[in-house]
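I have placed the structure first, in the form of structure tokens, so that the comments after it can refer back to it.
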Amino acid sequence: MKCKNIKDIRNDLDNGLVTSLDLFKSSVDKALKYQSDYNCFVTILDNYEHIDNKDSLLNGVVYALKDNISTKGILTTASSNILKDYVPVYDATIYRKLKENGAVLMGKTVLDELAMGGTGTTAHTGIVRNPYDKRRMIGGSSAGSAACVALGVVPFAIGSDTGDSIRKPAAYGGVVGFKPSYGRISRYGLFPFASSLDHLGVLTTNVMDAAIVVDAVKGYDSKDMTSLKDDKIVYLDNLENDVRGRKLFYIKEILDINSDNEELCEIVNNFKEVISKCESLGMEVFPVSMDINLLKAIYPAYITISCAEATSNNANLTGIIFGSRSDKENINEMMMDARTNGFSELIKRRFILGSYILQKENQEKLYLNACRVRRMITSCMNEFFKEYDGLILPAAASVAPLFDVDKDRLSDEYLILDNHLAIGNFGGYPSITIPSGFVNNMPIGINITGKFGDDSLVLNMAYKLEGTMDYKQMIVGDDDV
């Protein structure tokens, strides 16, 4: 049976048609069944733990958690060899809140090592495969979370998003991925990648479930100084609000593509159909113009800032404080051994790049200039948000890539359209990807990004748009389509 949405599961639980333990066992069985083919999980739990909360919609509902989120007494590896045996002594706030709401954890999901990557191929336990086509990536870094929702193992999974790590895998996997405003969900217990860009969020099969989960976990946390005071809005209650008169915009230069790539052309055509659906709801969609040089700078600015912050944040992974301690003769040799053998080549390259960027003689030219570019981009977006309610664009420039095809993602054809989601992290904006159709029998998605703090409105517009989609949703499960 394919995984039902949260409200249907809640109804089944309340009417005694199923128990939470039944749901847990079913999810674990599915996870084990699919693990060898798709590699969604680092850890599949065999211990059922449930705190009853009859006031919560999530009471008894089973879910999965990305393995860079701290869980006391449960292996938490960040999919890195250096942390392959690490068991935390405290719970992340998001995990604690889910437990208090009665949600039941069934497993920890695979990610790109230390959440640094967008392919789902760098985890210490192996690559994560796309449920629609095992020859293809699911994307990253929230690879396992996206794949297990697409497979119907769980109705929702928690992920993290630093550049597009929830929203791009959602597009590739035909599911919903929502990253709320920066600070809306406490990051206490999230292993940091780039602290000024990191967000927690959720992957689901539908927008309503995303609202339900975020309603349960949002709010201020004294353990996270960047967390926001609760906006006191119940997102679920506002999904049905009328969207007539809402104004969306798209950036002309991002879609100004001269290409004979048939797949890319179909994605752009799908976007045009989505615009028509927006207009059928009474929303207006306008093209706007943005400096092409700023748009081309999104990716290099993101790489510069994220690598610098990652190098600083992960300086504690030395084999002394964290990681396997070797039997070398002195501390320097022990650290060298741990960081040489504990990280993949990609991570070591990023740390080297970050160290170079942070050198005193390079900070002004590289790191601070990247921060200035970020500010210029967000200033431009904030001007747009004074007039418009949201930015709408295709979530990706292609369907999920094949593992054995090396596409030049830095070519003019892909550079901006494949990396614009990082704007949502630059400004801390709420941003959601929803499925919008299929190209070459693979799912594609559309993204809506809104003004900082407008989480409820972004969910509202996405929910209404989702209701107009006429494609057949394909969640791969026991009865594969």
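Numbering starts at 1 and runs along the sequence shown.
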If only atom types and distance count, is the side chain of Asn261 paired as donor or acceptor with the main-chain N or O of Glu263 below 3.5 Å? yes
CE (Met290) with more than 12 external heavy atoms under 6.0 Å: yes
Parallel, tilted or perpendicular, judged at 30° and 60°: which one describes the rings of Tyr90 and Tyr188? tilted
Answer with yes or no whether the side chains of Ser227 and Ser186 bring together a donor and an acceptor at under 3.5 Å. no
May I ask you to decide if the ring planes of Tyr34 and Tyr38 are parallel, tilted or perpendicular, using 30° and 60° as cut-offs? perpendicular
Tell me if a side-chain donor or acceptor on Glu253 pairs with a main-chain N or O of Ile292 at a distance below 3.5 Å. no
With the threshold set at 4.0 Å, does a side-chain nitrogen-carboxylate oxygen contact exist between Arg372 and Glu364? yes
Do you see a donor-acceptor pair shorter than 3.5 Å between the side chains of His199 and Lys179? yes
For Ser142, run the side-chain contact (heavy atoms from CB on, under 4.5 Å) check against Leu111, Val110, Leu203 and tell me which one passes. Leu203
For residues Met381 and Ile423, determine if any side-chain heavy atom of one lies less than 4.5 Å from a side-chain heavy atom of the other. yes
Determine whether the side chains of Glu113 and Thr122 contain a donor N or O and an acceptor N or O closer than 3.5 Å. no
Check the side chains of Asp209 and Asn206 for a donor-acceptor pair under 3.5 angstrom, ignoring hydrogens and angles. yes
Just by modelled atom types, is the Phe41 backbone N or O under 3.5 Å from a matching donor or acceptor in the Lys108 side chain? no
Test Ser160 against Asn68 for side chain to side chain donor-acceptor pair (under 3.5 Å), laying out the working first. CA-CA 8 Å; Ser160 63; Asn68 61 343; 3.1 Å; yes
Expected output: side-chain Asp161 to main-chain Ile166 donor-acceptor under 3.5 Å: yes
Assign the ring pair Phe191 / Tyr86 to parallel, tilted or perpendicular, where the plane angle (0 to 90°) is split at 30° and 60°. tilted
Tell me yes or no: between the side chains of Asn101 and Asn59, is some donor less than 3.5 Å from an acceptor? no
Heavy-atom side-chain proximity of Val61 to Val104 below 4.5 angstrom: no
Taking Asp231 first and then Lys218, would you say they form a salt bridge - that is, a charged N and a carboxylate O separated by under 4.0 Å? yes
Whether the Asn341 and Asn81 side chains hold a donor-acceptor pair (N or O, under 3.5 Å, no angle test) is what I'd like checked. no
Checking Asn447 side chain against Ile432 main chain: does a donor-acceptor pair fall under 3.5 Å? yes
Whether over 12 other heavy atoms sit under 6.0 Å from Asn330 CG: yes
Ignoring hydrogens and angles, state whether a donor on the side chain of Asp67 or Thr109 is under 3.5 Å from an acceptor on the partner side chain. no
Asp164-His420 side chain donor-acceptor pair, cut-off 3.5 Å: no
Side chains of Arg167 and Ser431: is there a donor and an acceptor less than 3.5 Å apart? yes
Looking at Cys307, is its backbone amide N or carbonyl O close enough to the side chain of Arg350 to form a donor-acceptor pair, meaning the two atoms are under 3.5 Å apart? no
Is the shortest distance from a Lys or Arg side-chain nitrogen in Lys97 or Glu100 to a carboxylate oxygen in the other one below 4.0 Å? no
Donor-acceptor contact below 3.5 Å, side chain Asn425 vs main chain Leu197: yes
Decide yes or no for Thr77 and His124: does some side-chain heavy atom of the first lie under 4.5 Å from some side-chain heavy atom of the second? yes
May I ask you to check whether Arg187 and Tyr182 show a side-chain donor-acceptor distance below 3.5 Å? yes
Who passes ring pair (Phe, Tyr, Trp, His ring centres under 6.0 Å) against Tyr95, sequence neighbours left out? none
Say whether, by atom type as modelled, one donor and one acceptor occur between the side chain of Ser20 and the main chain of Gly60 under 3.5 angstrom. yes
Assess whether atom CG of Leu32 is packed by more than 12 heavy atoms of other residues, nucleotides or ligands within 6.0 Å. yes
Looking at Ile74, is its backbone amide N or carbonyl O close enough to the side chain of Thr71 to form a donor-acceptor pair, meaning the two atoms are under 3.5 Å apart? yes
Residue that, paired with Asp91, satisfies side chain to side chain donor-acceptor pair (under 3.5 Å) out of Lys99, Lys72, Arg96: Lys99
Determine yes or no for a side-chain-to-main-chain donor-acceptor pair under 3.5 angstrom, with Asp198 supplying the side chain and Ala194 the backbone. yes
Would you call Lys134 and Asp37 a salt bridge, taking side-chain N to carboxylate O under 4.0 Å as the test? yes
Residues Glu309, Tyr367; criterion side chain to side chain contact (heavy atoms under 4.5 Å, CB included); working and verdict: CA-CA 10 Å; Glu309 294 186 11; Tyr367 181 72; 3.5 Å; yes
Verify salt bridge (Lys or Arg N to Asp or Glu O under 4.0 Å) between Arg135 and Asp133, making sure each step is shown before the conclusion. CA-CA 5 Å; Arg135 302 170 302 162; Asp133 185 344; 2.8 Å; yes
Judged by modelled atom types alone, do Thr121 and Asp112 share a side-chain donor-acceptor pair under 3.5 Å? no
Any side-chain heavy atom of Ile158 sitting closer than 4.5 Å to one from Lys66? no
Report yes if some heavy atom in the side chain of Ser456 is under 4.5 Å from a heavy atom in the side chain of Leu459; otherwise report no. no
Answer with yes or no after comparing the ring centroid distance for Phe452 and Tyr429 against a 6.0 Å cut-off, counting only values under it. no
